[in-house]
Amino acid sequence: MSLLQVSGLRKSFGGVHAVQGVSFTLRAGELLALIGPNGAGKTTTFQMMGGQLLPDAGRVLLDGQDITGRTARALAGLGVGRTFQIAETLTSFTALANVQMALLAHDGRWRGLWRKAEGYRSQDALALLDQVGMAAQAGRPCSELAYGDVKRLELALALAGQPRLLLMDEPTAGMAPGERVALMQLVRQLARDRQIGVLFTEHSMDVVFGQADRIAVMVRGELLAEGSPQAIQQDARVQAAYLGNSENNSLQRAPYKAESPETPLLSVEGLNAWYGAAQILHGVSLNVRRGEVLALMGRNGAGKSTTLKSIAGLVARTTGRRSFLGEDITRWPAHRIARAGLGYVPEERRIFGDLTVLENLETGRQSPRRWPDGTALEPWTVQRLFALFPNLRAMPDRPGARMSGGEQQMLTVARTLMGQPVLVLLDEPSEGVAPVIVEQMVQAVRALKASGIAIVLSEQNLAFAEAVADRVLVIAQGRTVHEAAMADFAADRTARQELLGIA
């Protein structure tokens, strides 16, 4: 008998049919990956199973018991655990205290015991940390943990509830490739040992095809295909709808662009940056020229995003020199930098959820501008952006909040281009989007590059960076540790392994 039986789940939001009759089963000790394009309905399905949304129709059975429509708290008491795309931990608490709080909640003794939590079931909490490889970090505050360790801690918190079913929403999002595989191998082993059924969504195909026992593919709210990893990988319908013609790990390398002798559009010298009393960047320097893509790479927490935010004027305390189009912009505020033609695409997207696609684009509009030599840039118009991102053409009046993650990513880039930039700071464009959308984003970056726009790209995905970048700058602990042509770095296995943990 299956541990989990999902039958005919349906959910609509107004006229949008997000989930349409989805059914599947899951056995104890099995890993089932639920994948599909952005907007396929995966998150809505998860929210119905996790108690965040009430289905319009359908049933969810756990060990034969109907749990349809139960609240998240009730489901936790019945043995349903949950992890989230953005890890949910108490950042000021130690790893040990986080697990102790989870044990208090599971035991129903959390009310009024804040002062007594320190000694509560400490040995059990340590045992859980040990199971996820975090015993040595027990005394460290979560705010000091590497992102991969925070993900392991979140797994320990879920295990504290002794789940029979574990729902994991993009469990490896934001992690380096080596960390992704290691985490899911751990989940696989724990699922086998404890006979936990694991349902997870994921856009990292090395994780999906390497760790899942079965795969279910959703497209436009419906189940398109279900089967073994090998069967799904060879399914032509799945390739067309989700995987694309060249999977995320086999994108073609960008043509090499020799470094131009012309003056850089952007020069950064000795950049230091602080968040409060903590210094994040230590003397980072870089330059980028017209039509060039520079990839900033490094492990989580290395300082890549902080580098982009500092250049854009979004970090309050910095030192060093920043020059753009021949002008010293070191002390310029963010809005003045943007008006000068330096665009910034944040990792968090930050679209306006209540505004339509067209209205979001209008918020970024600026007048056409010229290159330093006086030549006019071809202006970005709505129609030109729709040609670059065909997905947006089909939804001009859709509110931002009703768009999938991949569609929001496209809209964020398009809105920045409406500012007519000559240089774009692009933060993690491939994170959390489907492989077919990654391919489209690669083509978009190449088109920008061909038009002469320079790009500084922060990216974890080596295949994506290799497909678009001319040069790579590796940052570790806020310092520049390696710089090379992208092709040379991609071919240097030792450097990849030592600097990024990629074999």
Side-chain angles (χ1 to χ4, degrees), residues 2-6 9 19 22-50 60 80-85 151 154-155 158 163-175 177 179-192 195-235 237-244 247-249 404-406 430-438 461:
S2 298
L3 171 71
L4 176 70
Q5 293 177 290
V6 177
L9 277 188
V19 176
V22 168
S23 302
F24 57 85
T25 61
L26 175 66
R27 297 186 299 272
E30 182 183 34
L31 269 68
L32 173 64
L34 185 64
I35 68 172
N38 298 99
K42 306 184 300 296
T43 297
T44 302
T45 300
F46 251 62
Q47 289 177 333
M48 287 189 286
M49 296 179 60
V60 180
V80 180
R82 181 79 190 266
T83 68
F84 298 86
Q85 180 178 355
K151 285 286 191 176
E154 189 186 31
L155 177 59
R164 294 179 289 164
L165 170 66
L166 183 57
L167 307 176
M168 306 185 76
D169 191 2
E170 297 199 33
T172 71
M175 300 179 71
E179 293 175 322
R180 290 173 179 165
V181 173
L183 178 68
M184 292 310 293
Q185 286 177 337
L186 173 62
V187 171
R188 185 185 181 93
Q189 186 60 51
L190 289 168
R192 298 286 193 272
Q195 284 299 286
I196 301 170
V198 178
L199 176 68
F200 70 100
T201 65
E202 184 60 65
H203 282 306
S204 175
M205 292 300 99
D206 56 339
V207 168
V208 170
F209 290 111
Q211 304 304 322
D213 298 301
R214 288 187 300 120
I215 300 172
V217 185
M218 288 185 67
V219 175
R220 293 185 293 276
E222 299 179 337
L223 201 63
L224 175 69
E226 184 179 355
S228 68
Q230 182 178 10
I232 294 299
Q233 198 164 21
Q234 296 174 351
D235 192 310
R237 298 171 301 165
V238 177
Q239 291 175 1
Y242 182 61
L243 297 178
E247 291 182 29
N248 208 13
N249 61 356
S404 71
S430 74
E431 181 57 48
V433 299
V436 68
I437 301 296
V438 172
N461 186 336

Asks: According to the salt bridge (Lys or Arg N to Asp or Glu O under 4.0 Å) rule, which pairs have a member within residues 26-41, sequence neighbours left out?
Replies: Arg27-Glu30, Glu30-Arg214

Asks: Taking Gln233's backbone N and O only, do any of them form a donor-acceptor pair with Gln239's side chain (distance below 3.5 Å, no angle check)?
Replies: yes

Asks: Just so I know, are the side chains of Pro37 and Val219 near enough to count as touching, which here means a heavy-atom distance under 4.5 Å?
Replies: yes

Asks: Please name the pair of heavy atoms, one in Leu167 and one in Val80, separated by the smallest distance, quoted to 0.1 Å.
Replies: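 The answer is CD1-CG1, 4.0 Å.
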
Asks: Please report the shortest heavy-atom distance between Ala212 and Ala33, naming the atom on each side.
Replies: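 Taking every non-hydrogen atom into account, CB-CB, 3.8 Å.
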
Asks: Quick one: pull up CG in Leu166 and CZ in Phe200 and give me the separation to the nearest 0.5 Å.
Replies: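 So the gap between those two atoms works out to 11.0 Å.
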
Asks: Taking all non-hydrogen atoms of both residues into account, name the closest pair between Asp235 and Ala225 and its distance.
Replies: OD2-CB, 3.8 Å

Asks: Rounded at 0.5 Å granularity, tell me how far CG in Leu31 sits from CD in Glu202.
Replies: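 Those atoms lie 11.5 Å apart.
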
Asks: Please determine if Asp213 and Arg188 form a salt bridge, counting it only when a charged side-chain N lies under 4.0 Å from a carboxylate O.
Replies: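 Looking at Asp213 and Arg188, the cut-off is met.
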
Asks: Test of understanding: with side chain to side chain donor-acceptor pair (under 3.5 Å), list the residues that count as partners of Gln189, not counting sequence neighbours.
Replies: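 Expected list: Asp193.
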
Asks: Taking all non-hydrogen atoms of both residues, which atom of Arg82 and which atom of Gly50 are closest, and how far apart?
Replies: NH1-CA, 4.4 Å

Asks: Tell me the closest heavy-atom pair linking Leu9 and Val19, and the distance in Å.
Replies: O-CG1, 3.3 Å

Asks: Can you tell me how far OG1 of Thr201 sits from CE of Met168, rounded to the nearest 0.5 angstrom?
Replies: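 Interatomic distance, Met168 CE to Thr201 OG1, rounded to 0.5 Å: 9.5 Å.
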
Asks: Of the non-hydrogen atoms in Pro171 and Leu183, which two are nearest, and what is the gap between them?
Replies: O-CD2, 3.6 Å

Asks: Please examine the side chains of Leu155 and Lys151, heavy atoms only from C-beta on, and report whether any two atoms are closer than 4.5 Å.
Replies: no

Asks: Report yes if some heavy atom in the side chain of His203 is under 4.5 Å from a heavy atom in the side chain of Lys42; otherwise report no.
Replies: yes

Asks: Just how far is it from atom CE of Met218 to atom CD1 of Ile35, taken to the nearest 0.5 Å?
Replies: 11.5 Å

Asks: Just how far is it from atom CG of Leu32 to atom OG1 of Thr25, taken to the nearest 0.5 Å?
Replies: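 So the CG of Leu32 and the OG1 of Thr25 are separated by 8.0 Å.
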
Asks: In Å and rounded to the nearest 0.5 Å, what is the CG to CE distance from Leu190 to Met184?
Replies: 10.5 Å

